[in-house]
Q: 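One structure, pasted below without further comment.
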Amino acid sequence: MNYDFAALESKWQDYWQKHKTFRAANPHDDGFDPSQPKFYVLDFFPYPSDVGLHVGHPLGYIATDIVARYKRMRGFNVLHPMGYDAFGLPAEQYAVECGVHPRITTEQNCANMTRQLERLGMSYDWDRSFATTDPDYYKWTQWIFLKLYNSWFDPASNKARPVHELVEQLESHKFYIGPEGELIESPARSLDVLAGAPIGSRHWHELTGTDQQLLLDQHRLAYMAEVPVNWCPALGTVLANEEVTNEGRSERGNHPVYQRPLRQWMLRITAYNDRLLKDLELVDWPEPIKLMQRNWIGRSQGAMVDFSLANSDDVIRVFTTRPDTLFGATYMVLAPEHPLVDPITTSEQQAEVAEYQQRSMERTELDRMAEDREKTGVFTGAYALNPVNNEKIPIWIADYVLMGYGTGAIMAVPAHDQRDHDFACTFGLPILKVVDADDVDNTDPEAFSGIGVGVNSANDSVNLNGLPTPQAKTLIIQWLTDHGLGKQEVQYKLRDWLFSRQRYWGEPFPILHGPEGQIRAVNESDLPVELPEMEDFRPSASDDPTAPPQPPLGRAPGSWKHVEIDGILYLRELNTMPQWAGSCWYYLRFTDSSNKTRFVGEQEEQYWMNHDTADGTPQPPGVDLYVGGAEHAVLHLLYARFWHKVLYDLNHVSTPEPFGRLFNQGYIQAYYYEDERGIRVPADKVQENNGGFLYEGKPVVRHFGKMGKSLKNAVTPDEICRQYGCDTLRLYEMYLGPVDQSKVWHTHDIVGVHRFLQRFWRNLVDSDGNLAVSDEPAATPLRKLLHQTIKKVSDDMDRMSFNTAIAAMIELNNALVSLTKVPREVAEALVLLLSPQAPHICEELWQRLGADSSLSHQSWPTFDPSLLVEDSVEYPIQVNGKLRGRLTVSVDADSSEVKHQALHDGSVQRAIKGKTIRKVIIIKGKMINVVAN
RNA sequence: GCCGGUGUGGCGGAAUUGGCAGACGCGACGGAUUCAAAAUCCGUUCCUGGCAACAGGGUGUGGGUUCGAGUCCCUCCACCGGCACCA
């Protein structure tokens, strides 16, 4: 009887569904076993696209499914859920083009993806599934937004607290309010040496009602601000940097794009800078990902320095990490958007400056940061005074200085910063060396940015000459502080999170705007704010660059847009939230996805997110294994950590971090082909011909890239499942290579693992369909091989090295081919070992071996260590590092005996002939190396 | 440009801690079975020279550390991911 994968795969998928084999019981549920440890294994939240899955998508899902099945057999309560991140642009764009409501498209796509995942035999607890677009879910996304809106970050306790607590503190005069709305804890602290004493500080009760509201808004974690965006009036929308071409036009339609400020919702993620940085120590993540997050947060220590202007009372504040080079600052540069540019520009320079500002508005930020670009800039006509020597230095504007980082102004030290150096060379500005390095050629025409010893750096009261850079920094900062010219400061690269989108298909903000600009949060009891039914989702296009943006929700019915409360007519917020919002907390909802009264039940959240550290070993908090691509290394993972910390501060979750262990899967890539016109042709129709490639008889060129629709090289899991079965597909994807590496898909190679399953089946089932298994014990060599394999596979499963586990099982299976009947002890163990990876065939064989229930909760096989011990060992013998011979000796032979025998080996003798033996290195159990010359 | 990663036979990969480079699979080649084919089974397969024993070379490039380097350090090259409104 043949291995009929189609029949038995659907049989077991039905069985699992009917018996709810993979249901995960919550603490208060029937069938919950408190004696077992928990394991929460989760995939990155997928977006269900309209073309469905290709074989690249399930790579990570198969890996987590194998882990889930393995952990169940290891006696864990396993939570392994799946759901959909279903808001987003494609469905909305499809609606604009084809008039189908995004909800309909989205539901179809979700259903299709569920079907595809079920066909792959995934052991999800489907009862917990949901989509971010479900009002039951986004109700709580909105609720979390309200928590952000109604919180402030208390620097004293370094955590978020409800805004009403700030009001209480202000009412009890705990804080003074500085001139810029800053909170000042005690009067003594207000003697800020930097800006001069801020005498303008006031108490809460001295503010008007409106000013009180403004003050609170200024400290909320969700706030509104004007931020520059890529505005494309012709498309009526804001564009991502990637949607803007180098020429500053829209990728779609080639329309002009303008940088313009837009008032939008922001989230104050920067309040969490140092906690996001520090708590990376709590989690078990790949070191490169942690490094990328650290670099993204970008903590740098340096100094704020104030430069006064030659002809006005204003000061330009700069941040520098190299205050020790202050004597070498020969000019200053402001970002073109800097607020001081207009007031200081002299009348002669006005036209040129305005023209430059206009031009830089048309550049993308990425383009501006590119270091190899030709430096451009314009002199403002104004001068500043270098605080260390009162020299008049010119002030320029240039687009390589960004408003969004630091203070939007720099002191330029062309001798020691490459970009400043390039700029100074381009415009003939003076270059003054102030740091000397012993090991660097002094004639080097480039900037020296390393550390060294100060030179040319002294005035009447401070002298950095001869001082190594670190000491020079400390000394100059002290001097600046003493003279009220600057102070030590820590700066971060991380910016606040722009949270508004001018889109329809996203979560509406639970926010109302009053006629006087007042902001009012929707009551929690009125959530969710559901998306209104609409027919036209198009943004309003315009030829006028200054026309105000009109988000799609501007077309919503008046009954939705307007809300009257207490006689005041409010307008709903018309922007929606970004797709990130829904994926920021879904892992929490999975622990209790049907909860109607809370975003998640306390007990459920604590059970699945916290580790029982009863055995004393500290475990990272949160999800036990989180698997997805490295492309989310920074943004998603940082945003989710931020939300989680806010919820933690407000006592809604019990762990400081959401994801304990992170694992990055690689991508599946595939060949794609282009004809002579550069048009991509369907990869599955291309034929190989003498090292060349033909499509419809014409030669095509082979390229290589990430699998997908656009390259016409996608292979769907459906067609592979039909042809070989999903056990084969699962096995092949894992056998391709390490899960965390990218690899190339070759449909052709699938036969290898398919043959393995065929052979496995034939080893246990004869051609008449009878079990070919004997109850005789296995011969010793086979039993040894079995126990070696159990050890190898167990170790490999623990470190997610599935490809090598499969290789080991293939070897064991190959050893069974010559037997007429396979010993039961071998058959049963191999079925269990393979079952996480190829569950259907193993369930079927397990049943045929006599079981009356699923093997999903069977115990994982164990090995007998005594069977792994060998009594002899084969040593390779090297002479000067080259392999020359082999020696087999008993395991407990002593070194002098091994050495004696090794030196008398024939080929070793030949290799050392005429040489003197200098040393013989014997690594017990490993190898022998004879050093001779 | 900046940040992060990867590079091993014809191909995917293995080598877990610095210790026999190429496990396992694909492909290719030879054989068995078959009227024939598919399927299956057995064998060979890093490169060069040699009938062979064997010798020499070999983990992107160039250098270094070491008795010993795919593995550690430095240099360069190529490719992949991210750069905040794709998510």
Side-chain angles (χ1 to χ4, degrees), chain A residues 2 44-47 85 87-90 229-230 237-244 264 269 286-289 291-292 294-296 298 365-373 404 418-419 493-503 578-580 583 629-636 638-639 664 666-667 669 691 704-706 732 735-738 740-746 748-753 755-756 758-759 762 795-796 799 801 803-804 806-811 814 817-818 874-878 880-883 886 907 910 918-921 923 925-932:
Chain A
N2 283 334
F44 280 15
F45 215 21
Y47 177 80
D85 188 14
F87 277 126
L89 210 46
V229 294
N230 301 314
T237 184
V238 172
L239 298 178
N241 283 334
E242 67 154 19
E243 296 173 300
V244 182
Q264 316 190 60
I269 189 172
E287 212 44 54
I289 302 292
L291 193 54
M292 279 194 266
R294 286 192 192 104
N295 291 340
W296 189 262
E365 196 168 301
L366 196 63
D367 185 34
R368 285 175 59 171
M369 285 189 294
E371 217 158 85
D372 60 342
R373 227 188 77 232
Q418 191 58 49
R419 289 171 307 178
K493 221 183 309 189
L494 184 67
R495 311 198 294 246
D496 274 340
W497 174 10
L498 201 164
F499 199 67
S500 303
R501 299 291 183 272
Q502 294 71 44
R503 304 265 159 75
Q579 204 172 346
W580 303 112
S583 60
E631 69 270 23
H632 292 286
V634 177
L635 294 179
H636 159 64
L638 202 60
Y639 292 157
N664 287 122
Y667 312 97
Q669 299 173 307
F704 178 65
K706 198 171 158 182
Y732 176 64
Y735 193 56
L736 225 37
D740 57 357
Q741 269 175 38
S742 292
K743 47 232 146 188
V744 186
W745 178 270
H746 286 121
H748 201 72
D749 292 356
I750 280 195
V751 293
V753 285
R755 277 177 203 154
F756 162 53
Q758 300 265 24
R759 193 176 300 179
R762 280 199 312 272
D795 288 352
D796 286 350
R799 61 192 183 101
S801 179
N803 54 330
T804 51
I806 296 167
M809 290 185 281
I810 291 176
E811 285 186 79
N814 286 347
V817 171
S818 57
E874 188 192 61
Y875 281 98
I877 313 169
Q878 295 181 347
N880 294 332
K882 270 191 199 305
L883 181 68
R886 292 182 179 285
S907 40
R910 236 175 298 133
R918 301 290 172 193
K919 207 193 239 179
V920 178
I921 295 155
I923 310 293
K926 287 274 186 190
M927 61 154 352
I928 302 161
N929 191 11
V930 179
V931 184

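The figures that follow rest on heavy atoms only: side chains count, while hydrogens, waters and symmetry mates do not.
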Q: Between A:I923 and A:Y875, is any pair of side-chain heavy atoms under 4.5 Å apart?
A: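 No, their side chains stay 4.5 Å or more apart.
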
Q: With rounding to the closest Å, how many angstrom separate the C1' atoms on B:C73 and B:C51?
A: 47 Å

Q: Starting from P on B:A14, measure out to CG on A:D795 and report it in whole angstrom.
A: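 One finds 16 Å between P of B:A14 and CG of A:D795, rounded.
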
Q: Show the nearest heavy-atom pair for residues A:S583 and A:D85, with the distance to one decimal.
A: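 Shortest heavy-atom separation between A:S583 and A:D85 comes out as CB-OD2, 3.9 Å.
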
Q: Determine the minimum heavy-atom distance between A:A630 and A:I289, stating which atoms define it.
A: CB-CD1, 4.4 Å

Q: Ring centroid separation for A:H636 and A:F44, is it under 6.0 angstrom?
A: yes

Q: With sugar-phosphate meaning primed atoms plus P, OP1 and OP2, does A:F44 contact a base, only sugar-phosphate, or nothing at under 4.0 Å between heavy atoms?
A: nothing

Q: State, to 0.1 Å, how close A:F756 and A:M809 come at their nearest heavy-atom pair, and which atoms those are.
A: CE1-O, 3.9 Å

Q: Syn or anti for B:G9, with syn set at within 90° of 0?
A: syn

Q: What is the nucleic acid contact for A:N664, judged by heavy atoms within less than 4.0 Å: base, sugar-phosphate only, or nothing?
A: nothing

Q: Enumerate, in order of first residue number, the stems that involve RNA chain B, defined as 3 or more consecutive Watson-Crick or G-U wobble pairs with both distances under 3.5 Å.
A: B:1-7 with B:77-83, B:10-12 with B:24-26, B:27-32 with B:40-45, B:46-49 with B:54-57, B:62-64 with B:72-74

Q: For the C1' atoms, the ones on B:C67 and on B:G18, what distance do you get once it is rounded to whole angstrom?
A: 12 Å

Q: How is A:E287 classified with respect to the nucleic acid when contacts are heavy atoms under 4.0 Å: base, sugar-phosphate, or nothing?
A: nothing

Q: Using the C1' atom in both, what is the distance from B:U16 to B:U71, to the nearest Å?
A: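 B:U16 and B:U71 have their C1' atoms separated by 12 Å.
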
Q: Spell out yes or no: do the side chain of A:N295 and the base of B:C3 have one donor N/O and one acceptor N/O closer than 3.5 Å?
A: no

Q: Rounding to an integer number of angstrom, what distance separates B:G70 and B:G82 when you compare their C1' atoms?
A: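 It comes out at 28 Å once rounded to the nearest Å.
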
Q: Does A:P288 reach a base, just sugar-phosphate, or nothing at all? Heavy atoms under 4.0 Å.
A: sugar-phosphate

Q: When we call it a touch if two heavy atoms are under 4.0 Å apart, what does A:W296 touch: a base, just sugar-phosphate, or nothing?
A: base

Q: Determine the Euclidean distance between corresponding C1' atoms of B:C24 and B:A14; express it in Å to zero decimal places.
A: 8 Å

Q: Hey, does A:Q502 reach any base, or is it just sugar-phosphate, or nothing, if we go heavy atoms under 4.0 Å?
A: base

Q: Base, sugar-phosphate, or nothing for A:P738, non-hydrogen atoms under 4.0 angstrom?
A: sugar-phosphate

Q: Quick one: list whatever passes ring-ring contact (aromatic ring centres under 6.0 Å, His included) with A:Y735, sequence neighbours left out.
A: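 So A:Y735 forms no ring-ring contact (aromatic ring centres under 6.0 Å, His included) with any residue.
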
Q: Decide yes or no, distance alone: a donor-acceptor N/O pair under 3.5 angstrom between the base of B:C79 and the side-chain of A:Q669.
A: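 There is none.
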
Q: Under 4.0 Å between any heavy atoms, over every strand shown, what does A:L291 touch: base, sugar-phosphate, or nothing? Just pick one.
A: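 Answer is sugar-phosphate: A:L291 comes under 4.0 Å of backbone atoms only.
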
Q: Write down the distance between CD (A:Q741) and C1' (B:A15), rounded to a whole number of angstrom.
A: 13 Å

Q: Specify the separation, in whole Å, of atom CD of A:Q878 and atom C1' of B:A21.
A: 12 Å

Q: Give one of base, sugar-phosphate or nothing for A:L736, where a contact means two heavy atoms less than 4.0 Å apart.
A: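 Sugar-phosphate only.
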
Q: If you only use heavy atoms from C-beta on, which nucleotide in B:C41, B:C11, B:G81 is closest to the side chain of A:H746?
A: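 When the side chain of A:H746 is considered, B:C11 is the closest of B:C41, B:C11, B:G81.
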
Q: Provide the distance between the two P atoms, one in B:A37 and one in B:G43, to the nearest whole Å.
A: 22 Å

Q: Output yes when at least one side-chain N/O atom of A:R501 is less than 4.0 Å from OP1 or OP2 of B:C85, else no.
A: yes

Q: How would you label the contact of A:S801 with the nucleic acid (heavy atoms, under 4.0 Å): base, sugar-phosphate, or nothing?
A: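 Touches nothing.
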
Q: Rounding to an integer number of angstrom, what distance separates B:C11 and B:C46 when you compare their C1' atoms?
A: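 Their C1' atoms lie roughly 13 Å apart.
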
Q: Below 4.0 angstrom from OP1 or OP2 of B:G57, is there any side-chain N or O of A:K882?
A: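 So the side chain of A:K882 is within the cut-off, an N or O lying under 4.0 Å from OP1 or OP2 of B:G57.
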
Q: Determine the contact category for A:V931: base if any of its heavy atoms lies under 4.0 Å from a base atom, sugar-phosphate if only primed atoms, P, OP1 or OP2 are that close, otherwise nothing.
A: sugar-phosphate

Q: Nearest-Å distance, CZ (A:R294) to C1' (B:G82)?
A: 17 Å

Q: Determine the interatomic distance between C1' on B:G60 and the same-named atom on B:A78; round to the nearest Å.
A: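 The same atom, C1', in both gives a distance of 8 Å.
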
Q: If you compare all heavy atoms of A:N880 against all heavy atoms of A:V931, which two are closest, and at what distance to 0.1 Å?
A: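 What the structure gives for the nearest pair is OD1-CA, 3.5 Å.
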
Q: Select one nucleotide: of B:G19, B:C80, B:G4, the one nearest the side-chain heavy atoms of A:I921.
A: B:G19

Q: Mind calculating the distance between CE (A:M292) and P (B:C83) to the nearest angstrom?
A: 11 Å

Q: Shortest non-hydrogen contact from A:G881 to A:N929?
A: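 That would be N-OD1, 3.2 Å.
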
Q: Check for me whether the distance between the ring centres of A:W745 and A:Y732 falls short of 6.0 Å.
A: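 Yes: the rings meet the under 6.0 Å criterion.
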
Q: May I ask you to evaluate whether A:N880 reaches the phosphate of B:C67, defined as a side-chain N or O under 4.0 Å from OP1 or OP2?
A: no

Q: By the 4.0 Å heavy-atom rule, please label A:H636 as base, sugar-phosphate, or nothing.
A: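 Nothing: the residue A:H636, judged by heavy atoms under 4.0 Å, touches no strand.
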
Q: Look at the side chain of A:R886 against the base of B:C20 and say whether a donor-acceptor pair falls under 3.5 Å; ignore hydrogens and angles.
A: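 Flag set: donor-acceptor pair detected.
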
Q: Going 5' to 3' through nucleotides 23-34 of chain B, assign each nucleotide B (protein heavy atom under 4.0 Å from a base atom), S (under 4.0 Å only from sugar-phosphate atoms) or - (no protein heavy atom that close).
A: BBSSS-------

Q: Does B:A39 have OP1 or OP2 under 4.0 Å away from a side-chain N or O of A:R762?
A: no

Q: Select base, sugar-phosphate, or nothing to describe what A:L638 touches, counting heavy atoms under 4.0 Å on all strands.
A: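 If one applies the 4.0 Å heavy-atom cut-off, A:L638 turns out to touch nothing in the nucleic acid.
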
